[in-house]
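Each remark here refers to the structure printed beneath this line.
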Amino acid sequence: MKERFMAKRSLLVGFGGFLPDRVVSNAELAERLETSDEWIKTRTGITRRHLVGPNDTAASMGAEAARRALDYAGLTAEDIDAVFVATATPDQAFPATAVRIQAALGMKQGFGFDIAAACSGFIFALSTADAFIRSGQIRNALVIGSEVYSRIMDWEDRATCVLFGDGAGAVVLSASDEPGDRGILSTHLHSDGTAGDLLYVDGAVGQPDKSGHLKMSGRDVFRHAVGKLSSSVDEALEAEGLSYADVDWLVPHQANIRIIEGVAKKLNLPAERVVITVDRHANTSAASVPLALDEAVRDGRIQKGDLVLMEALGGGLTWGSALVRL
Ligand code: UT7
């Protein structure tokens with residue numbers, strides 16, 4: 001029988017990201033839609049986005065982000081006990097994207113499954129992996145967010161199609177009993193299905209007669225995002241007995257610069273302490289937080305020992321936060 005290792009905490013030890021090659025500017029979208037670079041930039045902060053080519057999928061991009069995260073951690077796929085993939089755009093209804101990624105990495109051990117929490121998916125997956133690690137069931141996990149929202153867009157609907165991009169991000173989590181407070185301090189998850197019709201995909205494998213396109217009441221989701229993310233931030237800090245001044249970095253879900261700035265203002269965090277990718281990636285849903293984290297760790301902004309607050313809100317509605325000492 002495999003020996004259980006009772007971890008004090010889960011440490012984030014590897015980071016990886018993948019963005020498909022094709023970059024589409026606002027101006028390019030404005031050539032065929034009644035929109036403008038000015039409108040998109042002012043309302044959202046987005047200037048461009050990466051979109052998949054015919055051979056990219058949630059599994060292929062997730063596997064590449066995972067390889068990069070493993071390299072960073074100095075681990076191999078053989079060291080991994082479980083793969084948790086947050087995606088709303090899986091390659092297939094089943095096998096799970098996580099299992100396809102396991103195979104792409106050459107893993108025959110361990111297990112994997114997908115987590116469906118839309119744009120909050122990465123926070124939900126991180127929380128799930130952390131619980132498995134702290135229960136002693138696994139030691140090392142890959143937590144991946146991978147999305148191809150370009151395939152669920154109505155490309156005639158200017159109110160939604162300009163907002164999203166494709167990509168994948170990954171972290172490696174490892175069990176640790178080292179003294180001190182490095183690692184995931186706590187996560188807080190919420191969902192409220194009564195608001196399910198504010199942001200949803202119209203159809204899926206179970207309802208093939210529907211369009212399969214993303215639909216959003218943007219203004220209502222915006223209102224929920226500002227309120228719920230603000231209370232999420234308070235909930236996370238209160239749970240750990242910490243204050244706004246303790247937060248070194250905000251790594252938010254990247255849906256709209258105005259939502260991000262609202263939360264940063266509440267925390268009294270200067271702009272240079274907030275990791276922003278929405279300008280170049282647009283909203284990559286469950287991939288946005290790990291992509292932002294990867295960028296800021298690799299360019300040296302986020303350092304070992306920093307207190308990082310991640311938060312997200314998405315279709316469901318789902319929302320949550322993770323407070324991590326890197
Ligand atoms: O990641 C999941 C969570 N998602 C979010 O957090 C998204 C939250 N919502 C938002 O970020 C914003 O609500 C949007 C960016 C989606 C929209 O911004 P807004 O300031 O709330 O604009 P609006 O929806 O109130 O639309 C304002 C106007 C409308 O025209 P009228 O009715 O005022 O004449 C829209 O038809 O802008 C129009 N509009 C556009 N105009 C040019 C909508 N989309 C576009 C467009 N280009 N692409």
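One-based numbering, in listed order, for ligands and for the atoms of each. Note that this is a predicted model, so its numbers are computed, not measured.
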request  = Say whether, by atom type as modelled, one donor and one acceptor occur between the side chain of Asp248 and the main chain of Val308 under 3.5 angstrom.
outcome  =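 No; judged by distance alone, with no hydrogens or angles, the pair does not exist.
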Could you give the side-chain donor-acceptor pairs of residues 160-172 under 3.5 Å, partners two or more places apart or in another chain?
{"from": "Thr160", "atom 1": "OG1", "to": "Asp157", "atom 2": "O", "distance (Å)": "3.4"}
{"from": "Thr160", "atom 1": "OG1", "to": "Asp157", "atom 2": "OD2", "distance (Å)": "2.8"}
{"from": "Asp166", "atom 1": "OD1", "to": "Tyr149", "atom 2": "N", "distance (Å)": "2.9"}
{"from": "Asp166", "atom 1": "OD1", "to": "Ser150", "atom 2": "N", "distance (Å)": "3.0"}
{"from": "Asp166", "atom 1": "OD1", "to": "Ser150", "atom 2": "OG", "distance (Å)": "3.4"}
{"from": "Asp166", "atom 1": "OD2", "to": "Val52", "atom 2": "N", "distance (Å)": "2.8"}
{"from": "Asp166", "atom 1": "OD2", "to": "Ser150", "atom 2": "OG", "distance (Å)": "2.6"}

query = Just going by heavy-atom distances, which of Arg258, Arg158, Arg223, Arg43 is nearest to atom 27 (C) of ligand 1?
reply =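 Answer by nearest heavy atom: Arg43.
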ask   = Which option, Leu199, Ile46, Leu163, owns the non-hydrogen atom nearest atom 16 (C) of ligand 1?
value =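 Of the listed residues, Leu163 has the closest heavy atom.
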Any protein heavy atom lying closer than 4.0 Å to [atom]?
{"atom": "atom 34 (O) of ligand 1", "result": "no"}
{"atom": "atom 40 (C) of ligand 1", "result": "yes"}
{"atom": "atom 23 (P) of ligand 1", "result": "yes"}

request  = Inspect the contact between Arg301 and Glu295 and indicate whether a charged nitrogen and a carboxylate oxygen are less than 4.0 angstrom apart.
outcome  =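 Salt bridge between Glu295 and Arg301, a charged N being under 4.0 Å from a carboxylate O: yes.
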Give the residue and atom name of whichever protein heavy atom lies nearest to [atom], and the separation in Å to one decimal.
{"atom": "atom 1 (O) of ligand 1", "result": "Asn283 ND2, 2.7 Å"}
{"atom": "atom 32 (O) of ligand 1", "result": "Arg219 NH2, 4.7 Å"}
{"atom": "atom 6 (O) of ligand 1", "result": "Ile259 CD1, 3.4 Å"}
{"atom": "atom 4 (N) of ligand 1", "result": "Val221 CG1, 3.6 Å"}
{"atom": "atom 11 (O) of ligand 1", "result": "Asn256 ND2, 2.7 Å"}
{"atom": "atom 44 (N) of ligand 1", "result": "Trp39 CH2, 3.4 Å"}
{"atom": "atom 2 (C) of ligand 1", "result": "Cys119 SG, 3.3 Å"}

Nitrogen or oxygen of [X] less than 3.5 angstrom from that of ligand 1:
{"X": "Gly218", "value": "yes"}
{"X": "Ser36", "value": "no"}
{"X": "Thr44", "value": "no"}

query = Are side-chain N/O atoms of Glu147 and Thr284 paired as donor and acceptor at under 3.5 Å?
reply =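 No donor-acceptor contact under 3.5 Å links the two side chains.
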inquiry  = Is it true that Asp130 and Ser10 share a donor-acceptor pair across their side chains at a distance under 3.5 Å?
reply    =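 The criterion, which ignores hydrogens and geometry beyond distance, is satisfied for Asp130 and Ser10.
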task = List every atom of ligand 1 that sits less than 4.0 Å from any heavy atom of His253, numbering the atoms from 1 in the order shown and giving each element.
result =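 Checking each atom against His253, I get 1 (O), 2 (C).
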request  = Enumerate the atoms of ligand 1 whose separation from the nearest heavy atom of Thr35 is less than 4.0 angstrom.
outcome  =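 Matching atoms, with element in brackets: 42 (C), 46 (C), 47 (N), 48 (N).
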I want to check something: taking the side chain as every heavy atom from C-beta on, are [X] and [Y] in contact at a cut-off of under 4.5 Å?
{"X": "Leu313", "Y": "Val221", "value": "yes"}
{"X": "Asp246", "Y": "Leu237", "value": "no"}
{"X": "Arg273", "Y": "Leu250", "value": "no"}

inquiry  = Assess the residue pair Asp71 and Arg68 against the criterion (salt bridge (Lys or Arg N to Asp or Glu O under 4.0 Å)); give the C-alpha distance rounded to whole Å, side-chain angles, the decisive distance to 0.1 Å, and a yes or no.
reply    = CA-CA 5 Å; Asp71 273 358; Arg68 294 175 189 182; over 6 Å; no
ask   = What distance separates Leu242 CG from Arg325 CZ, expressed to the nearest 0.5 Å?
value =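 Separation between the atoms: 7.0 Å.
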Side-chain atoms of residues 260-270: list all donor-acceptor pairs with protein atoms under 3.5 Å, sequence neighbours left out, distances to 0.1 Å.
{"from": "Lys266", "atom 1": "NZ", "to": "Asp234", "atom 2": "OD2", "distance (Å)": "2.9"}
{"from": "Lys266", "atom 1": "NZ", "to": "Tyr244", "atom 2": "OH", "distance (Å)": "3.1"}

